[in-house]
Amino acid sequence: MKKMLTGLQPTGIITLGNYIGSIKQMVENQGKYESYIFVADMHAITVNDDKRNLKENTRSLVALYLACGIDPKLNTIFVQSQNEYHANLGYFLECNSYFGELSRMHQFKEKSKKSESFTVGLLTYPVLMAADILLYDADIVPVGIDQKQHVELARDIAIRFNKRYGDTFVVPNPEIKSEGTKIADLLDPTIKMSKSNENQNGVIRLLDEPEVIRKKIMRATTDSEMLVKYDPENKPGISNLLNIYISITGKTMEEAEKEFDGCNYGTFKTKVADVVVEKISEIQKKYYEYLNSDELDKILADGREKSREIAKKKYELVKEKIGFYN
Ligand code: AMP
Ligand code: TRP
């Protein structure tokens with residue numbers, strides 16, 4: 001069975017876009033791969049942020065994934081900082097990476113420009129990410145487009161190491177999610193719904209109060225026609241709401257268009273809000289159950305054991321290949 005691994009930063013905010021474009025697919029694909037999902041909390045400290053709340057955000061992220069249907073029996077779920085082999089292998093990989101290639105990474109260039117000084121961790125971030133991936137022999141690494149270059153670097157490092165020291169690592173492939181539906185901002189449907197959008201009134205967060213979610217949908221930008229029809233170019237607002245509707249209900253676009261034929265926008269939005277609020281309320285109910293239970297801590301403790309066992313083997317092999325005294 002192929003191995004799949006992905007990491008998520010504990011930012012504390014998950015949007016409806018993340019759910020429809022990423023988490024839902026992960027849930028639907030469960031069981032197809034040997035799967036590793038981890039909280040990339042060590043990646044979260046590469047930039048300074050006083051409001052980081054690592055502990056709370058880590059538990060919250062895991063609770064939310066579990067609430068969305070990620071099954072701990074089908075996925076090994078763990079926290080990066082609880083597994084020392086990530087940083088340890090990261091160092092060995094740093095000694096097989098070049099300053100030039102790291103300083104050319106898009107994300108590094110963009111983030112290092114934002115302040116006068118930046119940490120070395122921001123520069124070596126993609127090498128730690130390579131260690132995350134290579135420790136588990138991951139074949140498939142699903143990421144957003146912004147992380148593609150980092151997965152390609154992990155490939156380069158794996159190939160380079162294998163050449164230098166003999167076969168050690170599986171060469172991973174980035175899997176860029178393009179088949180998933182893109183969800184747009186509710187107020188400006190020409191941009192994607194994102195936790196970093198300036199006006200969060202166009203962004204539905206999975207932990208928003210249900211009434212807030214309803215209000216955001218009722219205020220979504222539409223157009224001056226009175227026609228519920230899928231036409232992303234000319235009717236981006238309506239098309240986005242239709243996308244949200246069919247993603248949550250599992251209906252086809254034709255079915256949805258038929259259902260709302262002759263409907264005014266107020267009625268249409270109410271119906272979209274109903275299904276979104278129902279779905280998110282379900283998720284939130286489970287979220288709070290997980291958040292307040294020991295089960296979550298038990299799942300992470302199991303994940304810690306399992307991931308350390310696998311990572312240790314690879315780490316020892318790497319040491320042997322490099323030729324350390326043992
Ligand atoms: P991000 O929150 O940007 O790091 O994205 C995490 C994952 O969620 C990536 O796989 C994205 O492709 C997906 N994602 C984020 N925002 C959206 C959106 N508005 N529509 C669809 N997918 C999204
Ligand atoms: N850097 C990724 C992000 O910011 C998170 C991440 C860390 C990751 N390690 C990973 C993703 C390994 C995939 C595989 O989204």
Side-chain angles (χ1 to χ4, degrees), residues 3-27 29 35-47 57-58 61 64-65 68 78-81 83 86-87 89-90 93 105-108 110-111 121-122 124-155 157-158 172-197 200 202-206 232 236 239-241 243-244 247-248 307 311:
K3 298 186 173 107
M4 190 207 84
L5 171 139
T6 199
L8 312 149
Q9 289 206 35
T11 54
I13 300 170
I14 302 274
T15 70
L16 184 68
N18 294 134
Y19 176 70
I20 292 175
S22 166
I23 305 173
K24 214 166 140 275
Q25 257 99 312
M26 282 165 71
V27 172
N29 285 329
S35 156
Y36 297 86
I37 300 174
F38 70 96
V39 180
D41 55 348
M42 284 157 64
H43 278 96
I45 66 166
T46 51
V47 288
N57 286 345
T58 295
L61 181 69
L64 205 46
Y65 270 74
C68 288
F78 66 100
V79 179
Q80 187 183 30
S81 65
N83 185 332
H86 289 243
L89 178 66
L93 298 183
M105 291 285 122
H106 304 313
Q107 194 180 76
F108 171 73
E110 201 183 300
K111 289 196 177 172
L122 188 68
T124 57
Y125 170 122
V127 188
L128 178 61
M129 184 160 160
D132 300 337
I133 297 167
L134 300 181
L135 276 174
Y136 301 90
D137 289 338
D139 303 283
I140 298 159
V141 184
V143 286
I145 187 81
D146 60 320
Q147 298 295 324
K148 182 170 178 242
Q149 201 187 29
H150 293 158
V151 182
E152 283 166 351
L153 180 80
R155 273 179 75 83
I157 294 175
N173 284 305
E175 187 182 76
I176 308 304
K177 300 203 206 72
S178 54
E179 79 283 9
T181 312
K182 283 274 161 285
I183 302 302
D185 185 276
L186 296 177
L187 295 177
D188 178 359
T190 63
I191 61 171
K192 96 170 193 184
M193 181 182 283
S194 166
K195 58 179 171 265
S196 52
N197 291 353
Q200 286 288 304
V203 178
I204 296 177
R205 300 170 169 195
L206 292 195
S239 302
N240 188 40
L241 291 172
N243 261 333
I244 292 174
S247 301
I248 301 278
S307 71

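Atoms within a ligand are numbered from 1 in the order they appear, just like the ligands themselves.
Using modelled atom types, one finds no donor on one side chain facing an acceptor on the other under 3.5 Å when comparing Asn243 with Thr181. For Thr58 and Asp41, the side-chain atoms include no donor-acceptor pair closer than 3.5 Å.
The aromatic rings of Tyr36 and Phe78 lie perpendicular to each other, with more than 60° between the two planes, well past the 30° mark. In this structure, His43 and Tyr125 have perpendicular ring planes: the angle between them is above 60°, well past the 30° mark.
Polar contact check, Val143 against ligand 1: no nitrogen or oxygen pair lies under 3.5 Å apart. Remark: ligand 1 and Ala184 share no N or O pair separated by less than 3.5 Å (distance only, no angle test).
Heavy-atom proximity to Thr181, at under 4.0 Å, picks out these atoms of ligand 1: 20 (N), 21 (C). Listed by atom number, the atoms of ligand 1 under 4.0 Å from Lys182 heavy atoms are 20 (N), 21 (C).
Checked by atom type and distance alone, the side chain of Arg155 pairs as donor or acceptor with a backbone atom of Pro172 at under 3.5 Å. Although no hydrogens or angles enter the test, the distance criterion places a donor-acceptor pair under 3.5 Å between the side chain of Gln200 and the main chain of Asn197. Remark: side-chain polar atoms of Lys24 are paired, donor with acceptor, to backbone N or O of Ser247 under 3.5 angstrom. Using modelled atom types, no side-chain atom of Asn18 and backbone atom of Ile14 make a donor-acceptor pair closer than 3.5 Å. Under a 3.5 Å cut-off, the side chain of Asp185 and the backbone N or O of Ile191 do not form any donor-acceptor pair.
Residue nearest to atom 4 (O) of ligand 1, selected from Lys195, Gln25, Lys24, Lys192: Lys195 (by heavy-atom distance).
Residue contacts with ligand 1: Ile20 is excluded, as none of its non-hydrogen atoms falls under 4.0 Å. Using a non-hydrogen distance threshold of 4.0 Å, Thr11 does not register as a contact of ligand 1.
The residues lining ligand 2, counting any heavy atom closer than 4.0 Å, are Leu5, Thr6, Gly7, Gln9, Phe38, Ala40, His43, Tyr125, Met129, Asp132, Ile133, Val141, Val143, Gln147.
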